[in-house]
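Worksheet: one structure, shown below.
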Amino acid sequence: MSSVQRNEQELIKIEKLHELRSLGINPYPVSFDRTHHAAEILTSFIDEQPDALSSVRVAGRIMAIRKMGKASFCHIQDVSGRIQIYLKKDDLGEAYDLLRLYDIGDIVGVEGFVFRTRMGEISVHAREFTMLTKSITVIPVGKEEVNEDGTVTRYDAIADKEQRYRKRYLDLIANPDIKETFIKRSQIIRTMRSFFDERGWIEVETPILQPIYGGATARPFVTHHNALDVDLYLRIADELYLKRLIVGGFEGVYEISKNFRNEGMDKTHNPEFTALEIYVAYKDYIWMMEMVEELFNTIVLNACGSETVEFQGTEISFARPFAKKKMFDLFQEHTGLNLRGLSREELLTAAKSAHVDVDPAASAMKILDEIFSVKVQPHLIQPTFVMDYPVEMSPLAKAHQTEAGLVERFELFIMGKEVANAFSELNDPLDQRARLEDQAVIRAAGDDEAMVVDEDFLHAIDVGLPPTAGLGVGIDRLVMLLTNNDSIRDVLFFPQMRPEKAHLEGE
RNA sequence: GAUCCCGUAGCUCAGCUGGUAGAGCAUUUGACUUUUAAUCAAAGGGCCUUGGGUUCGAGUCCCAACGGGAUCACCA
C-alpha cells in the first residue's frame, strides 16, 4: 500500500506503534491536560519548598533518553525549553517496561513531582507517563551539553542549510534557539500594529491579485483567472490601493503586506516578502520622519529590551534623534563632487572620476543610484535618514517645496541597507499623470521595471488626494537587523527553494 | 547569469597518488535504581545525488545534469 521506502529504524518504530496498539494503548490520544511549561518549572522551583510543585503535568517531545536499568532519565522539549524527567521502576511498576516502546522524537505527557537531582538538575519525577504521539521517523536530534556558563553546545544537530530550510519543522525541533528569531519577528509586527492602532490608523486589506501592478519598480508574477479569462498580477506593492482609500476619506491606513517580485534571490531578496505601508492624511515627510524615529525606537525597545542592538559585531543605536542627511550633501561628503543638476553625460564623467563602474548606456537616475550605493550607502551604518531625492527616481513623490528637481522623500538606512522609504505623496493630478507617462516612455524604451500607467489610480488622484505622508518598511530586513541574522532565509520560516525533483518512478 | 565549493548510513563527518565502504551519535540486544554529550559489551544498517566516460578496476579522475552554499552581477 505504502509507496514510501522505510529504513530499518522507521520499520522498528512502526513495529513499536503496532505493539502499543495491541496492548490497548492509543498512541495518538486527543488531548492532554498540562499544568506547566518546562521553563515555568525551572524558574519557579524552590529547593526549600518542593511541595509547591508536588504535582505537575508537562508535555513535550522526547529529545534524549538515558536508560540505567530500573531507572531512566529523559529530556522532553516543549515550546519553552527542555526539562528532565526521572522514571523509576519502583514508582511506575509494570508501566516502566513500556519505556522500551518510547523513542527520541515521540511526544509524551508526564505527571509527577518536581525535585532536584544529586547532580543539581531540576527534574520531574514521573508518577505517570503517556504516549501522546508516536513518531515513526528518525529525527535528527543533536546531543546537548550545558556548559558551566549556561550556554548550550549542540553536537551533530541538523546543519545542512538545504534541509533546514526545506524541512523547517525538523530545524525547529533540532535547533530550538531559532525560535527566538521568529518570536521577535512576531513582537516587531505586533508592536507596529499597536503603535498604529493607538493613533487611530486602521489596518486594511487590499488586493493581492491586481489587474495592473504598481507602486514600485519591479517585475511581477503573472497568474490567470479562469472565470474572467484575464491575467492578473501578484502585487509588487499595495501603495496605489492604500492611496485610493485616503482619497475615499480614511485619514490613516496601513497594511502589512506580502508582496511578490519576480526577480533574483539572494541573502536579502526572497520572491515573496513582507512590507509595511502606511499613509496618513494632512502630514508630510518631515512629520513622517519623526514618526519613524518613534516607531523604530518603540519596536527596538519592545522586541530587544534596549535602545541598542548588536548586528554582526556592530553596535547599532536607535536612540533618538537619528542622523538626517540630504542626498546631495552625502554625495559631496563621500565623493567630493557636487552632483546636483548634472546631465547624464556629466554624471558619467563624475562616476568615472569617483571610480564607480557604470554601464555607459545607463540613465542619469541609474548612474546616481550606482554612485550612491557604492560610495555612500556603505557608510550609513547607524540609522540615517537620507532626504530629498531627484524627481526622476521617485514618480510617486511630491515635488520639493523649495528645491527644484527634488522630491520630498527620505529613506532610512541602517548597516548600509535601506529599511524604510517615505515621501510626501504626490497629489497634484497633472504632475502625477505626467510622471507616470514618463515611466511609460521609459518602459517602452525597454526598461520592463518602469511603472505601468494605472488609469484608475490617476482618476483617484484627479478626485483629490489630501496632503498625505506615506511610508514603506521592509519587515524582513528590519527583522534581520534586530535578530542579528544576515540572511533573509533565516527570518522566514519557509524561504523559497527550487522544488526538489520529483522521483523518477513511473517514467 | 558568472565563478568557486559541497552532495558518502537517520544525523555530523572521515575516506591520501584509483584496489571489495569507515567513525561518533542514533537503532537493536545485554548489563546498570540520581544520570546528563551517561557508561560498558556486542550486533544490524550504504544505488557513495543522477547519467555518461577513462580504466583490468571509480566514492576517489574527466564530462554533463540535478540540488545546495558562498562570492559577484542584476534587482530595492
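Hydrogens, waters and symmetry mates play no part in the numbers below; they use all other heavy atoms, side chains included. So you know, we letter chains A, B, ... as the sequences are listed, proteins then strands, and number each from 1. For clarity, every value in this text was computed on a predicted model and none was experimentally measured.
Comparing B:U35, B:U12, B:A76 against the side chain of A:Met68 picks out B:U35 as the nearest. Listed nucleotides B:C66, B:U12, B:C11 differ in distance to A:Arg498; the shortest reach to its side chain belongs to B:C66. You'll find that the side chain of A:Asp266 is closest to B:C74, out of B:U27, B:U35, B:C74. Proximity note for A:Glu121 (side chain, C-beta onward) versus B:U35, B:C32, B:U33: the nearest is B:U35. Relative to the side chain of A:Arg409, the nucleotides B:C75, B:U36, B:A76 differ in distance, and B:A76 lies closest. Nearest to the side-chain atoms of A:Met497 among the listed nucleotides B:A26, B:G69, B:U35 stands B:G69. Ranking B:U27, B:A76, B:U36 by closeness to the A:Thr217 side chain, first place goes to B:A76.
A 4.5 Å side-chain heavy-atom check between A:Gln382 and A:Ile316 finds at least one atom pair inside the cut-off.
Distance CG (A:Leu471) to P (B:A76): 19 Å, rounded to an integer number of Å. As rounded to whole Å, 12 Å separates atom P of B:U34 from atom CG of A:Asp91. Rounded to whole Å, atom C1' of B:U34 lies 6 Å from atom CZ of A:Phe115. Protein atom CE of A:Met119 is 13 Å distant from nucleotide atom C1' of B:A37, rounded to whole Å. Distance, A:Ile12 CD1 to B:G45 C1': 9 Å, rounded to whole Å. Between the NZ atom of A:Lys167 and the C1' atom of B:G10 there is a distance of 12 Å, rounded to whole Å. For the pair A:Tyr96 OH and B:U34 P, the interatomic distance rounds to 10 Å; values are reported in whole Å. In this structure, A:Met451 atom CE and B:A76 atom C1' are separated by 11 Å, rounded to whole Å.
Residue contacts for A:Arg489: at a heavy-atom cut-off of 4.0 Å it reaches the sugar-phosphate backbone alone, with no base atom in range. A:Thr137 comes within 4.0 angstrom of no nucleic acid atom, judged by non-hydrogen atoms across all strands. Counting non-hydrogen atoms under 4.0 angstrom, A:Lys89 reaches nothing in the nucleic acid. Among the atoms of the strands shown, none is found under 4.0 Å from any heavy atom of A:Arg219. Nucleic acid contact for A:Asn421: none, since no nucleic acid atom lies under 4.0 Å from a heavy atom of the residue. At a threshold of 4.0 angstrom between heavy atoms, the contacts of A:Glu8 include nucleobase atoms, whether or not backbone atoms are also involved.
The partner of B:A58 is absent, by the rule that a Watson-Crick or G-U pair needs both atom distances under 3.5 Å. Base pairing annotation: B:C75 forms no Watson-Crick or G-U wobble pair, as no partner gives both donor-acceptor distances under 3.5 Å. B:C11: Watson-Crick or G-U partner is B:G24, with both key distances under 3.5 Å. Pair assignment for B:U3 gives B:A70, based on Watson-Crick or G-U wobble hydrogen-bonding distances that are each under 3.5 Å. Across all strands shown, B:U39 is found opposite B:A31 as a Watson-Crick or G-U wobble partner, with both distances under 3.5 Å. Across all strands shown, B:U17 forms no Watson-Crick or G-U wobble pair with both key distances under 3.5 Å.
Of the C1' atoms belonging to B:G15 and B:U54, the separation is 22 Å, rounded to the nearest Å. Across B:G7 and B:C48, the matching C1' atoms stand 10 Å from one another, rounded to whole Å. Nucleotides B:A64 and B:C5 are separated by 13 Å at their P atoms, to the nearest Å. Rounded to the nearest Å, the gap between the P atom of B:C72 and that of B:G10 is 36 Å. Going from the C1' atom of B:G24 to that of B:U8 covers 15 Å, rounded to whole Å. One P atom belongs to B:C47, the other to B:G30, and the distance between them is 28 Å to the nearest Å. Using P as the reference atom, B:A9 and B:A23 are 14 Å apart when rounded to the nearest Å. Nucleotides B:U50 and B:U33 place their P atoms 47 Å apart, quoted to the nearest Å.
One finds a salt bridge joining A:Glu411 and A:Arg409 here, because a Lys/Arg side-chain nitrogen approaches an Asp/Glu carboxylate oxygen to under 4.0 Å. With respect to A:Lys366 and A:Asp359, no salt bridge is recorded, no charged nitrogen being found less than 4.0 Å from a carboxylate O.
In this model, a side-chain donor or acceptor of A:Gln9 finds a partner on the base of B:A26 within 3.5 Å. With hydrogens and angles ignored, a donor-acceptor pair under 3.5 angstrom links the side chain of A:Arg66 to the base of B:U35. No hydrogens or angles were tested; on distance alone, nothing pairs the side chain of A:Glu162 with the base of B:G67 as donor and acceptor under 3.5 Å.
In this structure, B:C62 is classed as anti because its glycosidic torsion departs from zero by more than 90°.
By the criterion of a centre-to-centre distance under 5.5 Å and near-parallel planes under 30°, the ring of A:Tyr155 forms a stack with the base of B:A37.
Between A:Ser123 and B:U34 there is no side-chain polar atom (N or O) within less than 4.0 angstrom of OP1 or OP2. Dashed line: the shortest gap from a side-chain N or O of A:Lys143 to OP1 or OP2 of B:A38 is under 4.0 Å. Proximity of A:Arg166 to the phosphate of B:G68: a side-chain N or O atom is located under 4.0 Å from OP1 or OP2. Regarding contacts with the backbone of B:C11, a side-chain N or O of A:Gln163 is found under 4.0 angstrom from either OP1 or OP2. For A:Lys267, a side-chain nitrogen or oxygen approaches OP1 or OP2 of B:U71 to under 4.0 Å. Between A:Lys16 and B:U28 there is a side-chain polar atom (N or O) within less than 4.0 angstrom of OP1 or OP2. Listed pair A:Lys366 / B:C75 meets the phosphate criterion, a side-chain N or O lying under 4.0 Å from OP1 or OP2. Distances shown here put every side-chain N or O of A:Arg261 at or beyond 4.0 Å from the OP1 or OP2 atom of B:C75.
Pairing each heavy atom of A:Arg154 with each of A:Ala174, the nearest pair is CD-O, 3.2 Å. In plain terms, the two heavy atoms of A:Val453 and A:Ala440 that are nearest each other are CG2-CB, 3.9 Å.
For the residue pair A:Asp490 / A:Thr181, no side-chain donor-acceptor distance below 3.5 Å is found, with atom types taken as modelled.
Note: A:Phe318 and A:Phe322 have perpendicular aromatic rings, judged against thresholds of 30 and 60 degrees for the angle between ring planes. Ring geometry for A:His379 versus A:His334: interplanar angle under 30°, hence parallel rather than tilted (30 to 60°). Using bins of under 30°, 30° to 60° and over 60° for the plane-to-plane angle, the ring pair A:Phe115/A:Tyr86 lands in the tilted bin. Note: A:Phe493 and A:Phe182 have parallel aromatic rings, judged against thresholds of 30 and 60 degrees for the angle between ring planes.
Toward the 5' end of RNA chain B, the nearer of the two residues A:Ala157 and A:His75, judged by each one's closest nucleotide, is A:Ala157. Toward the 5′ end of RNA chain B lies the nearest nucleotide of A:Val141, the other residue of the pair A:Arg118 and A:Val141 mapping further downstream.
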